[in-house]
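When a residue number appears, it is its place in the shown sequence, counting from 1.
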Amino acid sequence: MGGVVVIGAGQAGASLVARLRAGGCTERITLIGAEPQPPYQRPPLSKAYLLGDMEMSRLFLRPESFYADQDITLVTDSPVIAVDRAARVVIADGKELAYDTLVFCTGSAPRRLPAAIGGDLDGVCVVRTIADVDAMKPRFASGARVMIVGGGYIGLEAAAVASKLGLEVTLVEMSERILQRVAAPETSAYFRDLHRSHGVTILEGTGLGRLTGEGRVTGAELTDGTAREVDFVIAGIGIVPEIALAESCGLGIENGIRTDAFGRTDDPRIWAAGDCASFPHGGAQIRLESVGNAIDQADVVADNILGAGRVYEARPWFWSDQYDIKLQIAGLNAGYDRVVVRDGGAARSHWYYREGRLIALDAMNDPRGYMVGKRLIEAGRSAPPEVVADAASDLKPLLKA
């Protein structure tokens, strides 16, 4: 008997195997990871770890001894190269491993700049793994010139770290504003002003034409016709779900590995969770790229492997740390038609409404507003815009209304 095999030793995979064992699973459990480290947190990579404020061991989600103590076989540094669904085996490191139940927690990979525009030059970096950040760290010397391509949260977090370490930072975003895909203009303006106040040059509506250099990147030509000298480049242009393995063995793909409301793929023995998995929500197959989703979805899948029959109901939440600002996000703002600003000075939040109902919020150093808004959204309740807009108002009574 092969028991349960989980491909991918990230947040989802680690959460899933722990939940299985805690839920009473007596079968053999094997967790296979492509990286040499045990499962670890990714969010601190572009923040505390890159800054040097966190040692590698503090990134680990659990001590390595946890897996042995829980009778979970942890296999590291072993990318899975194939899955044979007919024989019910996975192939990794030249060996076949049988399974009765298989779970894809393969996560996502960073988009890379095309080689045709210099993306394969030395000094062009991404931020996704410990190896990525370890390779990049020595470049963060005071006075070095870094260009960051992409004005999403990864790019902005990297810009904040580089600025704090005394680098000369230029960030280019081809859209008309930073955070355009994920946030309202009010939030974009807030973080634009924040970064510029720390000396970061932000160029919006400006794309990267090509990178130049002989073997190593030394310059960047932009679509506005200008050129800049650089010492290294960070590509923060998003991530894509790791679906190649699932696709190669014939599983359904739709915005990721397609699962039903319970986390099961179109093969009844195979499940998926985390960044790689899409699930039904609002009439579409959506994916959520966050720690919260990885944990919650993995827990539901683990419970369903044990027979619970739980539907996954997403409760999206995200966060980002930049300088001394903690951004906390709750809900999904897709389709918003109004943004209400709650400006308390040091504490500020942006509340998203659709057809008069609260659907999401961005809270900047506003934990109280975030707590209330998150609880309202998760309960399917709203908040009067006039109350939200009054920064002197007490929001807590809204939870009792």
Side-chain angles (χ1 to χ4, degrees), residues 11 41-51 53-54 127 148 150-164 169 171 173 175 177-200 202 204 234 236-239 275 288-296 314-334 336 338-353 358-378 383 388-389 391 395:
Q11 181 73 68
Q41 310 171 67
R42 294 197 191 277
L45 289 178
S46 58
K47 299 181 276 284
Y49 184 69
L50 183 54
L51 270 171
D53 293 340
M54 178 181 283
V127 183
I148 297 171
Y153 288 119
I154 288 292
L156 292 173
E157 289 169 359
V161 171
S163 175
K164 289 174 74 172
V169 186
L171 184 146
E173 169 54 57
S175 299
R177 59 182 173 87
I178 59 172
L179 302 176
Q180 180 164 312
R181 187 177 65 87
V182 295
E186 291 86 348
T187 300
S188 296
Y190 179 92
F191 283 99
R192 180 189 305 117
D193 292 344
L194 174 68
H195 281 270
R196 285 179 173 168
S197 73
H198 284 83
V200 175
I202 293 182
E204 295 164 302
I234 299 174
I237 54 176
I239 58 177
D275 284 6
L288 295 176
E289 300 166 353
S290 73
V291 169
N293 174 71
I295 295 170
D296 295 345
R315 296 182 174 182
W317 57 273
F318 314 86
W319 82 92
S320 176
D321 294 324
Q322 298 171 45
Y323 307 105
D324 58 350
I325 302 299
K326 185 170 193 67
L327 168 66
Q328 295 172 287
I329 303 169
L332 296 175
N333 65 21
Y336 72 91
R338 182 181 182 185
V339 176
V340 175
V341 175
R342 183 177 176 85
D343 187 357
R348 182 183 175 100
S349 49
H350 301 157
W351 300 59
Y352 296 81
Y353 288 79
L358 177 67
I359 58 171
L361 85 156
D362 301 332
M364 286 71 73
N365 284 358
D366 185 10
R368 293 182 180 179
Y370 173 75
M371 181 273 293
V372 171
K374 184 173 186 289
R375 288 175 61 181
L376 289 172
I377 293 164
E378 291 179 350
V388 168
L395 298 177

Less than 4.5 Å apart, side chain to side chain, heavy atoms only: is that true for [X] and [Y]?
X      : Y      : result
Ile202 : Arg196 : yes
Lys164 : Leu51  : yes
Leu332 : Leu288 : yes
Trp351 : Val339 : no

Task: Counterpart residues, salt bridge (charged side-chain N to carboxylate O under 4.0 Å, His left out), relative to Asp53 (two or more places apart) - done: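 In terms of salt bridge (charged side-chain N to carboxylate O under 4.0 Å, His left out), with neighbours along the sequence ignored, Asp53 is linked to no residue.
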So how far is it from [X] [atom1] to [Y] [atom2], rounded to the nearest 0.5 Å?
X      : Y      : atom1 : atom2 : result
Ser290 : Ile329 : OG    : CD1   : 10.0 Å
Tyr153 : Phe318 : OH    : CZ    : 9.5 Å
Leu395 : Leu376 : CG    : CG    : 8.5 Å
Ile154 : Ser46  : CD1   : OG    : 4.0 Å
Asp343 : Arg348 : CG    : CZ    : 4.5 Å
Tyr190 : Ser349 : OH    : OG    : 10.5 Å

- [ ] Please list, chain by chain and in numerical order, all residues satisfying side chain to side chain donor-acceptor pair (under 3.5 Å) with Ser188, sequence neighbours excluded.
- [x]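 Partners of Ser188 under the side chain to side chain donor-acceptor pair (under 3.5 Å) test: Arg177.
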Task: Residues forming a side chain to side chain donor-acceptor pair (under 3.5 Å) with Tyr49, sequence neighbours excluded - done: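 Side chain to side chain donor-acceptor pair (under 3.5 Å) check on Tyr49 returns Asp134.
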Show every salt bridge (charged side-chain N to carboxylate O under 4.0 Å, His left out) that has at least one partner inside [range], sequence neighbours left out.
range            : answer
residues 180-193 : Arg192-Glu204
residues 41-50   : Glu35-Arg42, Lys47-Glu157
residues 362-374 : Lys374-Glu378

Task: Any donor-acceptor pair under 3.5 Å from Arg342 side chain to Val388 backbone - done: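 Yes; at least one donor-acceptor contact below 3.5 Å.
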Excluding sequence neighbours, so at least two apart, what forms side-chain contact (heavy atoms from CB on, under 4.5 Å) with [X]?
X      : value
Lys326 : Trp319, Asp321, Gln328, Asn365
Ile359 : Tyr336, Tyr352, Arg354
Glu173 : Leu171, Ser175, Ile178
Met371 : Arg375, Lys396, Leu399

Where is the tightest heavy-atom contact between [X] and [Y], given as atom of each residue plus distance?
X      : Y      : answer
Ala162 : Val169 : CB-CG2, 3.6 Å
Ala360 : Gly331 : CB-C, 3.8 Å
Val291 : Pro43  : CG2-CG, 3.5 Å

Open item on the list: Looking only at side-chain N and O atoms, does Ser163 offer a donor or acceptor that is under 3.5 Å from a partner on His198?
Closed with: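 Result is no, nothing qualifies.
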TODO: Indicate whether the side chain of Tyr323 and that of His195 have a donor and an acceptor atom separated by less than 3.5 Å.
DONE: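 Judged by distance alone, the side chains do pair up.
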